[in-house]
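Lettering follows sequence order; numbering is per chain, from 1.
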Amino acid sequence: MNNTEHKSTFSTELLNWYMVSKRDLPWRRHRDPYMIWISEIMLQQTRVDTVIPYFQRFTERFPTIQALAEAPEEDVLKHWEGLGYYSRARNLQLAARQIMELYDGRMPDDVEAVAGLKGVGPYTTGAIMSIAFNRPVPAVDGNVMRVLSRYFLIEDDIMKQGTRKQMEALVRELFPEGQASHFTQAMMELGALVCTPKSPHCLTCPVMEHCAGRLAGVEETLPVKTKAKPPRPEERLVALVEGRGSRSGRVLVRQRPAKGLLARMWELPHVLAAASAGTAPAGDGAMDRLAGALREEGVGVAPVRHLLNAEHTFSHIHWNLQVFQCEEAPAALPEPGHAAAAAQVAEAAAAYAESGALDAAPPEPVAYRWITAADMDTLAFPNVFLKILRNYFSAQDEQ
DNA sequence: AATGCGGGGCA
DNA sequence: TGCCCAGCATT
């Protein structure tokens with residue numbers, strides 16, 4: 001069998017398998033390019049089972065591009081809470097506004113236009129063009145690279161930029177005439193269900209017969225991939241500040257800056273204790289440091305006791321969190337009109353004025369706030385703080 | 001080309 | 001519990 005026949009066989013067998021094996025997923029129930037787009041952004045770095053409930057809630061709340069474009073950003077972030085990589089949510093809304101302004105509110109059936117949308121890179125461009133518009137534009141993600149590297153025994157490092165380009169060229173040769181949509185989804189489906197990262201299910205694979213990786217016995221060692229650096233440890237001290245008097249039953253939280261890690265998410269106040277794990281001060285030393293560091297930021301707290309420890313891993317940082325129950329220190333609590341808060345508002349407003357309207361969100365001050373359990377329904381928290389706060393409020397309920 | 005950016009699943 | 005998964009933006 002020559003090379004062309006080999007490729008044709010792969011595509012035909014894979015497509016036939018997909019037609020009878022494909023899963024019934026929410027975004028496969030319609031051909032609305034908006035739904036395809038939302039699902040593809042959510043599916044970046046995220047598994048299907050995790051995405052499904054988010055997709056349902058998100059598309060129910062924002063059923064159209066216009067609805068998404070016109071929603072408050074905080075609402076969009078709240079519907080992304082727990083999914084991670086929160087810039088995806090922000091870029092999604094920016095792109096929706098792009099589509100409203102440039103393409104009359106409809107996803108353009110055009111490669112260059114799609115590729116120009118915020119948060120849409122080479123992979124998502126291919127996914128939208130092929131899945132939604134049935135155009136033969138390659139959508140090469142980790143699944144596709146795994147499948148192709150095994151079937152065609154490609155030993156290039158998939159972390160290299162050039163390898164993805166090579167795979168895209170290969171996919172262009174593999175597209176069956178008029179079947180781009182099914183074929184793109186078929187490769188993803190095979191990667192997700194059969195050609196899995198560890199212990200692939202070769203015996204049930206529709207293309208096992210001519211899989212070069214399996215025939216050579218190296219399917220387990222493909223794809224070749226350089227390892228990522230381990231996350232650097234960070235020791236942090238966290239204040240769970242309980243309100244007094246009129247603020248009784250409330251907890252002090254703050255919103256993170258608009259850029260960087262967990263942008264615009266809410267969290268418990270915390271400070272860096274030490275650059276590496278295991279060297280953080282303990283007990284009274286930690287409580288003194290926490291109170292001192294927060295006071296420098298204009299927040300007066302009095303740590304009472306150590307409550308619990310928690311961990312949170314990002315791809316590049318590992319947080320070890322020591323959470324301390326604190327009382328408010330009346331002298332220096334953040335109030336509306338507080339000097340530091342006012343300066344932050346002014347700074348955000350200035351940044352907004354300098355930037356184009358399309359790129360910038362409305363000025364949202366980085367602010368402190370006293371919240372109740374009910375506020376948890378509207379503010380978006382990273383998972384680690386979500387768990388701590390839910391735990392805390394439910395314990396308060398029992399008293 | 002290298003780095004920043006979450007969270008969950010599995011052995 | 002430790003390891004694996006890996007798109008897009010920015011610089």
Would you mind classifying the nucleic acid contact of [X] as base, sugar-phosphate or nothing, using non-hydrogen atoms under 4.0 angstrom?
X: A:Asp49; answer: nothing
X: A:Tyr85; answer: base
X: A:Ala263; answer: nothing
X: A:Ser87; answer: nothing
X: A:Thr46; answer: base
X: A:Lys160; answer: nothing
X: A:Arg146; answer: sugar-phosphate

(message) If the test is side-chain contact (heavy atoms from CB on, under 4.5 Å), which one of A:Met42, A:Gln56, A:Gln44, A:Glu40 qualifies with A:Val51?
(response) A:Met42
(request) May I have the distance from A:Gln45 (atom CD) to B:dG9 (atom C1'), rounded to whole angstrom? (result) 15 Å
(message) I need the CZ-P distance between A:Arg232 and B:dG4, as an integer number of Å.
(response)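 So the CZ-P distance, A:Arg232 to B:dG4, works out to 6 Å.
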(request) Any chance you could lay out the side chain to side chain donor-acceptor pair (under 3.5 Å) test for A:Gln185 and A:Arg28, step after step, and finish with the verdict? (result) CA-CA 10 Å; A:Gln185 296 179 78; A:Arg28 286 185 180 158; 3.1 Å; yes
I'd like the [atom1] distance from [M] over to [N], given in whole Å.
N: C:dA6; M: B:dA11; atom1: P; value: 16 Å
N: B:dC5; M: C:dC5; atom1: C1'; value: 15 Å
N: B:dG9; M: C:dC8; atom1: C1'; value: 23 Å
N: B:dG8; M: C:dA9; atom1: P; value: 23 Å
N: B:dG6; M: C:dC4; atom1: C1'; value: 14 Å

Between [options], which one does the side chain of [X] approach most closely?
X: A:Lys229; options: C:dA9, B:dG8, B:dT3; answer: B:dT3
X: A:Asn383; options: B:dG6, C:dC4, B:dG8; answer: B:dG8
X: A:Leu262; options: B:dG6, C:dC4, C:dC8; answer: B:dG6
X: A:Gln44; options: C:dA6, C:dC8, B:dG7; answer: C:dC8
X: A:His316; options: C:dC5, B:dG6, B:dC5; answer: B:dC5
X: A:Asn91; options: C:dC4, C:dA6, C:dA9; answer: C:dA9

(message) Does either side chain, that of A:Gln325 or that of A:Tyr392, offer a donor lying less than 3.5 Å from an acceptor on the other one?
(response)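 On atom types as modelled, these side chains do not qualify, holding no pair under 3.5 Å.
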(request) Give the C-alpha distance, both sets of side-chain angles, the deciding distance and a yes or no for ring pair (Phe, Tyr, Trp, His ring centres under 6.0 Å) between A:Trp80 and A:Tyr85. (result) CA-CA 9 Å; A:Trp80 209 268; A:Tyr85 286 114; over 10 Å; no
(request) Over 60° means perpendicular and under 30° means parallel, so classify the ring planes of A:His312 and A:Trp319, tilted if in between. (result)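 Correct class here is tilted.
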(message) Regarding C:dA6, can its base be found pairing with the side chain of A:Lys225 as donor and acceptor, where the two atoms are less than 3.5 Å apart?
(response)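 In this structure, the two groups form a donor-acceptor pair.
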(request) Please state whether the phosphate of B:dG6, meaning OP1 or OP2, lies under 4.0 angstrom from any side-chain nitrogen or oxygen of A:His312. (result) no
(request) Could you tell me whether a side-chain N or O of A:Glu328 sits under 3.5 Å from a main-chain N or O of A:Arg244, the two making a donor and an acceptor? (result) yes
